[in-house]
Amino acid sequence: MDNKEYAEILEEIATLQRVVGDNFFKVRAFSRAARLIENFAEPIDDLVDQRRLHEIDGIGESIEEELQALRITGASPRHEELLDRIGRDVMDLWHIPGLGIKRIQTLYQELGIASIPSLKQAALDGRLATLSGFGGGVQDKLLLEIEGWERGRGRRFPLPEAKGLAESIRFELLNLPEVARCEVGGSIRRGKETIGDIDLLVTTDAARTVSDYFKSLPDVTEIIFDGDTRASVRVTNEIQCDLRVIDTHLFGAGLHYFTGNKDHHIQMRIRSKKMGLKISEKGVMHYDDPTETIVGPMDTEEQVFNAVGLPYIAPEIRMGKDEIKAGEDGTLPDLVYPHHVQGDVHLSSTISGGRDALPDLIQALQKRGYKWCVVTEKTKTLHAKGIDDRGLKEHIERVKKLNAMIDGFTVLSGVECEITFDGMLDIDLRLAAECDWVLAGVTTDTDVDADTMTQRLMWGMETGVVSCLAHPTGRHLGVHDGYKMYFEEVVQCANDFGVALEISGDPQRLDLNAQMAGRAKHLGAMLVCGSAATSVESLDHIEYALQQARRAWMEPKDLLNCVSAEELISRTRTLIR
DNA sequence: GCCGTTTTCGGCCCGACTGTTTTCAGTCG
């Protein structure tokens, strides 16, 4: 079982426990454990086998037992018992906004409602309005929400898509003279790979004007709620967008608050409380101070963290896991940022179907302060206008000439090729060996069993000419998960043959993701970010990859992007050197 | 259910908005 599957079962246990009225804190413990496990870099299977689960802060005796049972028998007694009692459909009720613990309990206890269809029928019959706490207004609102759910509302969006939309709304808000600052917060800022809603933070001294403007934006289809300091709307594609308006001098406190995540805030607030302090979007203040005076300036997030005795903690690692302890101990990582990057290992030009010509790409990279790049033109399997063996030979020559003309920047010759069904490459191996860098991946015939795919990837790497495994899991964000394979074996083989693993910034992929990258790092793999750019504009996509790397607590020393061109070459493909 | 530099028992984050039980519970982020 993979970590995600363990997490899903724990979350289901939490949800079912809510319905039967279990202690709120017990429910929260299961829910938190689920999130911890989902984001854990090592396979839970291994931790169970090594009896190391208790090393995770937040997992105690009871949850460890459930996980052990899941590992050994494939089922959790608690989960099974709850499912027998109230059934699976009840969990859908949690997807209906407006329904929480109390109302779901009332529905279940008073009317025996434990599924969305029965809820809808009761609303249509007018039976809901008879329950205490459910006036006619609630009934009508629930009916609308049910219809929204039936239309597929509530789905999660790939990060790049949601980020694009968020930036466009941010841009519109910045048009308003009353808006002093506007930032995107929430899971987009943390770089979570799928996004449930968009959070925007605005500082202004004219809250009402800004809020009214926000609600009147052309894309807005529905106003969910509307208050003095916050408003929430739905935009065209059904994604929810929340606006929080805050006083200009509380920008740092507001941004911290609106970035999350929830577990991070709970940990921060528990810590503050122990220090006699209270932390919220209104800043940090003494716990029992009726005047609510902030203890210092709150213009920046750094000031907020400092006010509770912590150094700045980057958004990407705010998960309520180990970051606060690391802050206390002074062991926070020095995370990798764009200015650390010396080169990109994955980009192609008009030569193999890209949009921009090689000289333009190189000029753009130099402008960024990069010192080198690998030009990985695509083969014919990857693009209809891709290169064949002859094209690759010409490419290698072209790069040599180009290099002679440029000062202070190294262009490396590369190719992006396919590991074919029989574990070979779709280019001549001797030519591949002549390239500085060979990026190889799998894009065809992916619907095979794990043994077959693992073998294919390993055979590909065993040719000895591969420098890097491209988008190693083969997933397409929001479309399909990666192919089946044994990741540990693939990483081991990569290590043996000096093959790096790519963290692809391709907006369709983000592959490896943060958890897998963390796992690969733990297994001793070499990692490198690639923009997969085919144009000057898409060179920016490397930031998506770097953000996933930061979520995996990676520092410059963990990524080959931060070494020199010479070191990049000498550390990879060790077999043929 | 989990946890411990005041605690192995007794706590467990904070504030805004909505609708209804006209003084606050329920939900949300």
Side-chain angles (χ1 to χ4, degrees), chain A residues 10 13-14 17-18 22-34 36 53-67 78 93-107 128-142 145 154 185-187 189-190 195-201 207 211 223-233 240-246 250 253-254 256-285 287 292 308-309 320 324-325 328:
Chain A
L10 289 179
I13 292 175
Q17 283 176 333
R18 280 190 189 109
D22 264 332
N23 177 292
F24 168 75
F25 297 103
K26 181 170 154 187
V27 171
R28 197 165 79 180
F30 273 89
S31 189
R32 172 157 192 253
L36 287 169
L53 271 174
H54 58 272
E55 287 177 16
I56 304 179
D57 206 20
I59 292 183
E61 218 172 305
S62 298
I63 294 178
E64 180 164 17
E65 254 174 52
E66 294 303 324
L67 294 172
R78 191 185 301 254
L93 293 177
W94 245 274
H95 295 126
I96 306 296
L99 286 185
I101 298 173
K102 296 288 177 186
R103 285 180 181 156
I104 288 178
Q105 277 175 10
T106 306
L107 288 169
L128 293 190
T130 65
L131 296 171
S132 90
F134 287 76
V138 172
Q139 177 170 272
D140 294 346
K141 197 163 165 263
L142 284 176
E145 293 291 354
S187 44
R189 182 156 182 256
R190 298 198 312 275
I195 304 298
D197 58 16
I198 293 173
D199 297 306
L200 288 159
L201 175 78
S211 173
I223 295 166
I224 300 168
F225 66 77
D226 170 23
D228 289 337
T229 60
R230 52 197 305 178
S232 186
V233 302
Q240 184 174 325
C241 184
D242 299 334
L243 178 79
R244 172 88 204 194
V245 182
I246 206 148
L250 289 173
H256 175 251
Y257 164 78
F258 228 28
T259 296
N261 75 356
K262 193 171 162 183
D263 290 327
H264 171 79
H265 281 310
I266 292 174
Q267 302 301 315
M268 284 290 285
R269 285 161 178 177
I270 289 172
R271 179 192 159 79
S272 304
K273 206 169 180 176
K274 281 183 192 155
M275 299 171 71
L277 297 168
K278 189 163 72 166
I279 176 170
S280 73
E281 67 271 35
K282 293 175 162 180
V284 180
M285 54 194 75
Y287 209 84
E292 300 201 322
V308 296
I324 293 170
K325 199 167 275 175
E328 289 169 357

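Because only heavy atoms are used, hydrogens play no part in the values below, and waters and symmetry mates are left out as well, while side chains stay in. Chain naming here is simple, since letters A, B, ... match the order of the sequence lines and numbering starts at 1 in each.
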Given DNA chain B, 5'-ward residue of the pair A:Lys26 and A:Met285, judged by closest heavy atom: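 Mapping each residue to its closest nucleotide by heavy atoms, the 5'-most match is A:Lys26.
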Under 4.0 Å, counting only non-hydrogen atoms across every strand here, what does [X] touch: a base, just sugar-phosphate, or nothing?
X        : result
A:Gly185 : nothing
A:Glu61  : sugar-phosphate
A:Lys274 : nothing
A:Asp22  : nothing
A:Arg271 : nothing

Letter per nucleotide, 5' to 3', of nucleotides 21-29 of chain B [B base touched, S only sugar-phosphate touched, - untouched; heavy atoms, 4.0 Å]: B----SSSB
Rounding to an integer number of Å, can you tell me how far [X] [atom1] sits from [N] [atom2]?
X        : N      : atom1 : atom2 : value
A:Leu142 : B:dT20 : CG    : P     : 11 Å
A:Asp226 : B:dG19 : CG    : P     : 11 Å
A:Lys325 : B:dC3  : NZ    : C1'   : 10 Å
A:Leu10  : B:dG1  : CG    : C1'   : 12 Å

For [Y], is there any backbone N or O sitting under 3.5 Å from a side-chain donor or acceptor partner on [X]?
X        : Y        : answer
A:Arg103 : A:Gly98  : yes
A:Arg271 : A:Val308 : yes
A:Arg18  : A:Trp94  : no

Plane angle bin for A:His265 and A:His256 - parallel if under 30°, tilted between 30 and 60°, otherwise perpendicular: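 A:His256 and A:His265: perpendicular rings.
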Report all side-chain donor-acceptor pairs from residues 133-140 of chain A shorter than 3.5 Å, counting only partners two or more places apart or in another chain.
{"from": "A:Gln139", "atom 1": "OE1", "to": "A:Leu128", "atom 2": "N", "distance (Å)": "3.2"}
{"from": "A:Gln139", "atom 1": "OE1", "to": "A:Ala129", "atom 2": "N", "distance (Å)": "3.0"}

